[in-house]
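One structure below.
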2 protein chains.
Amino acid sequence: MILLEENTNYTEILKREGMKSTRHRNAILLLLEQSEHPITAEELYISLKGKTATINLSTVYRTLDTFASKNLVIKSTMDDGKARYELNHHEHKHHLFCVGCHKVISIEDCPMGELQESLKKKIDFDVTGHKLEIYGYCHNCKKG
Amino acid sequence: MILLEENTNYTEILKREGMKSTRHRNAILLLLEQSEHPITAEELYISLKGKTATINLSTVYRTLDTFASKNLVIKSTMDDGKARYELNHHEHKHHLFCVGCHKVISIEDCPMGELQESLKKKIDFDVTGHKLEIYGYCHNCKKG
DNA sequence: ATTCATGCAAATTATTTGCAGCTTC
DNA sequence: GAAGCTGCAAATAATTTGCATGAAT
């Protein structure tokens, strides 16, 4: 589990994971770090095309897959059929999706702790991870 | 929110939702009811081809979409890129995905209750729904 | 120098759509 | 008989892959 802090040297992190440090990889890590919410491969690609000379969508996908396999990023596939990627910060976070304005709010609360223990005891299931997405109305979008 | 019980007449349910009762729709509802865990469109299609004379994959997708729009079924898209569908039973369930044998175990525990209240109080966010998927190793697949 | 990363184009996979014919109400 | 289903084939959309070239160690 890697903790990326501001001003972290990406080359270090990449090296530590046995990956070469390239312009694209550094750029992708930077963008992921700057984004407050999970982002699609295509969104990354579009941002990158503006900044980096050339980059190919395949490269974005390949890079994200590699990062995901090293647990540097977390991939979540939404019901719109597109996967979103976010940095795997050390702190465990979940996201509130406002169904009114589509804003995404990150929270640090996670209710899994007790459930995890209970599953272990009740049915001998060892939890290794989970995905929780919460939908609802934010302060501004409340009905009424 | 519709509760489907054993021996429910699907025609009734379909009519109530303003949908015509057809052989395919009934067959799909039956299969969904018989399946203990969320199932892909293709899995449904394959099962149906064995039983019903002919059915087309498009029809399966269209039917599932229609059902989902009436809240008869719940669609969840997984990281393997395939959507799974399940009946929207009144009881709220979650699923454990074994990363060893890919078995799916349904549980009725849900840890959202307190978090929901706390989000309401802390940041005035009204939760209307959530998705929780849990990954790990089942009894048979435990490492070691 | 060797190993790994990338661009490009083409392939794959899941899902959607247009339209003509066929069931339900 | 009108409105709504369904099959079929073709279109999309997201993601993956093969291969030749280019860059990092």
Do V127(B) and K120(B) have side-chain heavy atoms sitting under 4.5 Å apart? no
Rounded to the nearest Å, what distance is computed from the CG atom of residue L29(B) to the P atom of nucleotide dC5(D)? 13 Å
OP1 or OP2 of dG7(C) less than 4.0 angstrom from a side-chain nitrogen or oxygen of H24(A), does that happen here? yes
Give the rounded distance in Å between these two atoms: CG of L44(B) and P of dT6(D). 14 Å
Can a donor-acceptor pair be found between the side chains of H130(A) and Q116(A) at a distance below 3.5 Å? no
Test item: K131(B) and D79(A) side chains (from C-beta on) under 4.5 Å apart, heavy atoms: yes
Looking only at side-chain atoms of T54(A), point me to the closest of dG7(C), dG7(D), dT6(C). dG7(C)
Report the secondary structure of DNA chain C in dot-bracket form, marking unpaired bases with a dot and bases paired to a different strand with |, and treating Watson-Crick or G-U pairs with both distances under 3.5 Å as paired. ||||||||||.|||.||||||||||
Rounded interatomic separation in angstrom, taking CE from M19(B) and P from dC25(C): 12 Å
In whole angstroms, how far is the P atom of dT12(D) from the OH atom of Y61(B)? 18 Å
Sub-3.5 Å pairs of nitrogen or oxygen atoms, protein against nucleotides 9-12 of chain C:
residue: dA9(C); atom: N6; partner: S58(A); partner atom: OG; Å: 3.3

Tell whether K20(A) reaches the base of dT3(C) with its side chain through a donor-acceptor pair below 3.5 angstrom. yes
Between F97(A) and E133(A), is there a side-chain heavy-atom distance shorter than 4.5 Å? yes
Counting the atoms with a prime plus P, OP1 and OP2 as sugar-phosphate, which does T66(A) contact under 4.0 Å by heavy atoms, base, sugar-phosphate, or nothing? nothing
Could you check how far CG of L57(B) sits from C1' of dA10(D), rounded to whole Å? 14 Å
I want to check something: taking the side chain as every heavy atom from C-beta on, are I55(B) and K49(B) in contact at a cut-off of under 4.5 Å? yes
What is the distance from OH of Y45(B) to P of dG7(D), rounded to the nearest Å? 9 Å
Given K93(B), which partner from the list E36(B), H37(B), E108(B) fulfils the side chain to side chain contact (heavy atoms under 4.5 Å, CB included) test? E108(B)
Are the side chain of R25(B) and the backbone N or O of K20(B) linked by a donor-acceptor pair below 3.5 Å? yes
Can you tell if the side chain of C98(A) reaches within under 4.5 Å of the side chain of I105(A), non-hydrogen atoms only? no
Under 3.5 Å, is there a donor-acceptor pair between the side chain of D124(B) and the main chain of H139(A)? no
Taking only side-chain nitrogens and oxygens of T59(B), does any of them come within less than 4.0 Å of OP1 or OP2 of dC5(D)? no
Counting C-beta onward and ignoring hydrogens, is there a side-chain heavy-atom pair between L32(B) and L44(B) closer than 4.5 Å? yes
CG of L14(B) versus P of dT23(C): gap in Å, rounded? 19 Å
Let me spell it out: for each of K15(A) and A41(A), pick the nucleotide of DNA chain D with the closest heavy atom. Which residue's pick is nearer the 5' end? A41(A)
Rounded to whole Å, how long is the line connecting atom NZ of K82(B) with atom P of dT16(D)? 13 Å
Distance below 4.0 Å between T40(A) side-chain N/O and dA14(D) OP1 or OP2: no
State which of dT16(D), dG7(D), dT6(C) makes the closest approach to the side chain of R25(A). dT6(C)
Comparing G18(B) with T11(A), nearest DNA chain D nucleotide closer to 5' gives the residue G18(B)
